[in-house]
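Protein chains get the first letters and strands the later ones, always in sequence-line order, with residue 1 at the start of each.
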4 protein chains.
Amino acid sequence: MNDRSPVPDLMPDLVPDLIGDSGRGNEAAILRAALRLYAERGFNGASMRDIARAAGTSLSNLYNYFPSKARLLAELLNRANALLSAQVSSAVHTAGEGVAEQLGAAVRAYVSFVADYQTAMLIALSEVRHLEGEERTQVVAERDRNQEIFEDLVAAGAASGVFTTPYPQDAARSILAMCSTIATWYHPEGRLTKQDLCDQHARYALALLEGRVDGR
Amino acid sequence: MNDRSPVPDLMPDLVPDLIGDSGRGNEAAILRAALRLYAERGFNGASMRDIARAAGTSLSNLYNYFPSKARLLAELLNRANALLSAQVSSAVHTAGEGVAEQLGAAVRAYVSFVADYQTAMLIALSEVRHLEGEERTQVVAERDRNQEIFEDLVAAGAASGVFTTPYPQDAARSILAMCSTIATWYHPEGRLTKQDLCDQHARYALALLEGRVDGR
Amino acid sequence: MNDRSPVPDLMPDLVPDLIGDSGRGNEAAILRAALRLYAERGFNGASMRDIARAAGTSLSNLYNYFPSKARLLAELLNRANALLSAQVSSAVHTAGEGVAEQLGAAVRAYVSFVADYQTAMLIALSEVRHLEGEERTQVVAERDRNQEIFEDLVAAGAASGVFTTPYPQDAARSILAMCSTIATWYHPEGRLTKQDLCDQHARYALALLEGRVDGR
Amino acid sequence: MNDRSPVPDLMPDLVPDLIGDSGRGNEAAILRAALRLYAERGFNGASMRDIARAAGTSLSNLYNYFPSKARLLAELLNRANALLSAQVSSAVHTAGEGVAEQLGAAVRAYVSFVADYQTAMLIALSEVRHLEGEERTQVVAERDRNQEIFEDLVAAGAASGVFTTPYPQDAARSILAMCSTIATWYHPEGRLTKQDLCDQHARYALALLEGRVDGR
DNA sequence: CATGAATGAGGATTCATTCAT
DNA sequence: CATGAATGAATCCTCATTCAT
């Protein structure tokens with residue numbers, strides 16, 4: 001197993017923005033402000049006034065872009081989940097044929113996303129509960145879709161004997177838990193680089209699954 | 001390694017209450033109501049009015065017991081953290097001499113706590129940010145004290161060659177992450193018993209650390 | 001006219017306390033705490049809790065001594081007004097026969113009271129408005145009784161030609177105003193001694209009345 | 001000296017409003033309501049709810065105009081102090097060259113202001129204590145600026161021998177006290193007209209200063 | 001006398017949202 | 001698109017007061 005296998009190694013500045021500058025007028029500024037404030041203070045701790053101020057626009061103008069506070073949150077979570085799923089699937093498809101290799105790639109992509117979009121992941125972890133109805137359904141569905149990628153990989157690996165853990169059914173959840181939690185403590189300027197995170201967690205994941213690393 | 005080693009296997013009803021009924025008058029009812037509501041809706045989503053109503057007392061009477069909303073949260077977190085640390089250290093001290101055995105016991109105790117005091121763990125995971133100053137310091141300190149138990153065990157195991165992971169320095173955090181996250185999805189009536197959770201996560205943890213289980 | 005005529009020149013420590021230590025148990029402590037807090041923050045700015053705390057007793061115990069917050073204020077004002085009237089009358093009666101002399105004595109006694117019981121005077125000036133009904137009536141009556149002493153003296157002096165001001169009818173009010181206001185700025189440790197205050201204001205008063213100072 | 005010298009003798013209805021109707025929307029109504037209620041019940045006795053009701057708007061709308069209760073008070077006091085200083089200085093500059101004449105004019109202007117803006121003066125007298133920090137500093141500074149006008153006049157008169165009181169240093173304060181206090185009892189419909197008040201107090205002030213009225 | 005618990009009303013302030021411009 | 005004014009409900013917390021002990 002190659003611990004230093006390449007990660008999507010964009011320069012930090014080149015990480016594509018979750019939000020972009022498409023949208024009309026202030027849309028991007030609003031989304032970015034909301035993202036930051038929701039992450040800093042939680043959904044209920046960040047008021048529409050706060051967001052408007054941080055976005056440099058007026059309170060009432062927010063409602064020209066998003067019909068409600070919850071819709072604003074949903075929008076953020078949808079974008080984040082969509083990008084996450086896309087990056088993970090892409091990584092899996094790009095990886096070689098071996099399940100272990102694919103799972104490693106998936107973990108690396110996931111960790112990479114957490115590091116790149118830390119605030120988005122913070123929100124995704126704890127603010128979904130503030131959504132209801134259709135908005136919630138949609139967000140949860142996308143989140144589950146991503147989890148299924150991991151579950152399928154683990155199941156395939158278990159079936160083919162590559163992963164020998166006696167508990168394959170729940171392992172994916174544990175792997176995602178430890179990868180997601182990175183968002184709560186990671187500091188880009190700290191001891192660990194993004195590359196380190198990817199290497200570590202790829203290894204943790206395969207070890208947890210009791211993968212048969214050697215050539216059998 | 002015996003995966004079905006006994007867990008503190010109290011009947012759910014016999015799990016000692018985090019709060020007890022000591023305290024004066026309505027104190028226990030208030031703490032219990034706050035615990036539940038903070039977990040359900042988050043700190044900012046649960047109002048003092050809500051808590052009072054759920055506790056069956058008047059809003060103003062809350063302030064005869066806790067001088068502020070934040071203090072009420074701090075009280076809960078302190079009790080939870082103290083109990084968690086106590087149960088984990090106790091498990092470690094009771095376990096045999098092997099580091100692997102001790103770590104397994106620690107994980108089981110931790111998972112057991114998460115299952116027993118699910119709501120408390122939910123709060124501990126995400127509501128600390130609403131504390132400031134002394135209250136925050138105290139809670140964070142107790143939380144770190146618990147994490148150190150795991151870090152010390154991992155370090156010891158790595159030093160003695162029992163854990164062969166190339167990344168021992170950050171493994172404890174990952175283990176705790178996957179155990180803590182149980183609180184976000186566990187249903188006592190679901191497919192997995194508390195015993196199952198303990199078995200699984202003890203195994204996951206040792207595997208993640210690449211523990212040399214047998215004498216080989 | 002002797003500007004340095006003696007004032008009731010008690011040592012500051014010997015100024016008889018407005019409250020004394022008679023009363024049962026905590027009564028004096030409560031009155032003293034209320035006096036200070038009402039003066040510092042105003043009637044509405046000082047809560048019964050504050051007063052209890054400052055008096056070193058429990059909130060509910062306050063109501064064993066005074067049936068309401070307003071009654072507590074009334075009690076203070078009554079004591080202050082009674083003492084003030086007593087000291088002023090006494091000074092007048094002790095003074096010689098001349099109206100000018102008597103008015104001078106009255107002013108000195110009044111100023112002396114303001115200096116000695118500064119906080120009480122602060123309250124008397126601005127907190128009467130918070131009383132209603134019987135309580136208010138009583139306090140206002142006592143206050144007016146005191147004012148009448150001055151009005152009578154001025155009227156007598158005007159009738160006898162000692163005070164030549166063309167506006168004797170309203171002069172007493174002006175004199176009392178300037179003397180009372182001392183309470184808002186006087187600092188016992190400042191430039192002016194109590195003796196200075198008495199001398200000054202006695203002179204101001206006679207001058208304002210256009211008293212014929214010379215031997216006629 | 002002409003005791004019946006003309007006062008700015010506008011009909012009461014023509015007295016320029018302290019507040020005006022400039023400001024946006026409800027600003028004037030809010031300020032006027034606050035002015036009245038603060039004067040009637042004191043700062044702490046008048047709630048924002050009361051003020052909103054009296055201003056004919058909603059409670060929350062108050063905060064679109066003034067960010068806090070204290071700021072609302074400060075606004076009132078600043079306007080009142082500014083106008084007072086302006087009217088007094090203007091009167092002094094318009095008066096003749098003699099110090100006595102100028103002081104008379106100042107007193108008349110001051111008394112006139114007290115009569116015209118009675119409620120504002122009531123607040124200025126006793127509610128400054130509820131301000132803190134910058135707000136307080138600003139208000140106190142303006143108040144002191146006005147007091148200095150009087151102190152300078154008295155000092156000048158004392159220096160030139162026009163005022164022969166032995167206590168010129170503190171006389172201004174006494175004069176202002178007796179003039180300000182008018183606000184606490186004056187009734188426009190009562191025995192005394194505004195003109196009367198001006199005449200009386202101008203005479204009181206000069207007498208208090210022991211002014212040498214004639215050429216002797 | 002003395003206390004702690006209890007309460008309903010009300011304190012200042014902020015909330016998400018709407019609407020006329 | 002963009003704004004400022006407006007609002008009713010809700011925020012945390014404190015109020016004066018009562019009551020059982």
Pairwise side-chain contact, C:Glu127 with C:Leu76, heavy-atom cut-off 4.5 Å (strictly under) | no

Close side-chain approach of D:Lys69 to D:Phe43, heavy-atom, < 4.5 Å | yes

A:Arg49 side chain near A:Leu59 side chain, heavy-atom distance below 4.5 Å | yes

Across every strand shown, the nucleotide meeting Watson-Crick or G-U wobble geometry with E:dG4 (both distances under 3.5 Å) is F:dC19

For DNA chain F, determine which residues of residues 58-66 of chain D have any heavy atom closer than 4.0 angstrom to one of its atoms, and list them numerically.
-> D:Ser58, D:Ser60, D:Asn61, D:Asn64, D:Tyr65

B:His130 atom NE2 is separated from F:dC12 atom P, nearest whole Å, by 12 Å

Mind checking whether B:Arg79 and B:Glu75 have side chains closer than 4.5 Å, heavy atoms only?
-> yes

Below 4.5 Å, heavy atoms only, C-beta onward: do C:Phe66 and C:Leu31 meet side chain to side chain?
-> yes

Between C:Val139 and C:Glu135, is any pair of side-chain heavy atoms under 4.5 Å apart?
-> no

Expected output: side-chain C:Asp144 to main-chain C:Ala141 donor-acceptor under 3.5 Å | no

Is there side-chain contact between B:Met121 and B:Leu84, with heavy atoms separated by less than 4.5 Å?
-> yes

Can you tell me how far C1' of F:dT14 sits from NZ of C:Lys69, to the nearest Å?
-> 11 Å

Do any side-chain nitrogens or oxygens of B:Thr57 fall under 4.0 Å of OP1 or OP2 in E:dT7?
-> yes

Kindly state which residues belonging to residues 29-53 of chain B come within less than 4.0 angstrom of DNA chain E, counting heavy atoms of the residue only, listed by number.
-> none

N or O in side chain of D:Asn26 less than 4.0 angstrom from F:dA5 OP1/OP2 = no

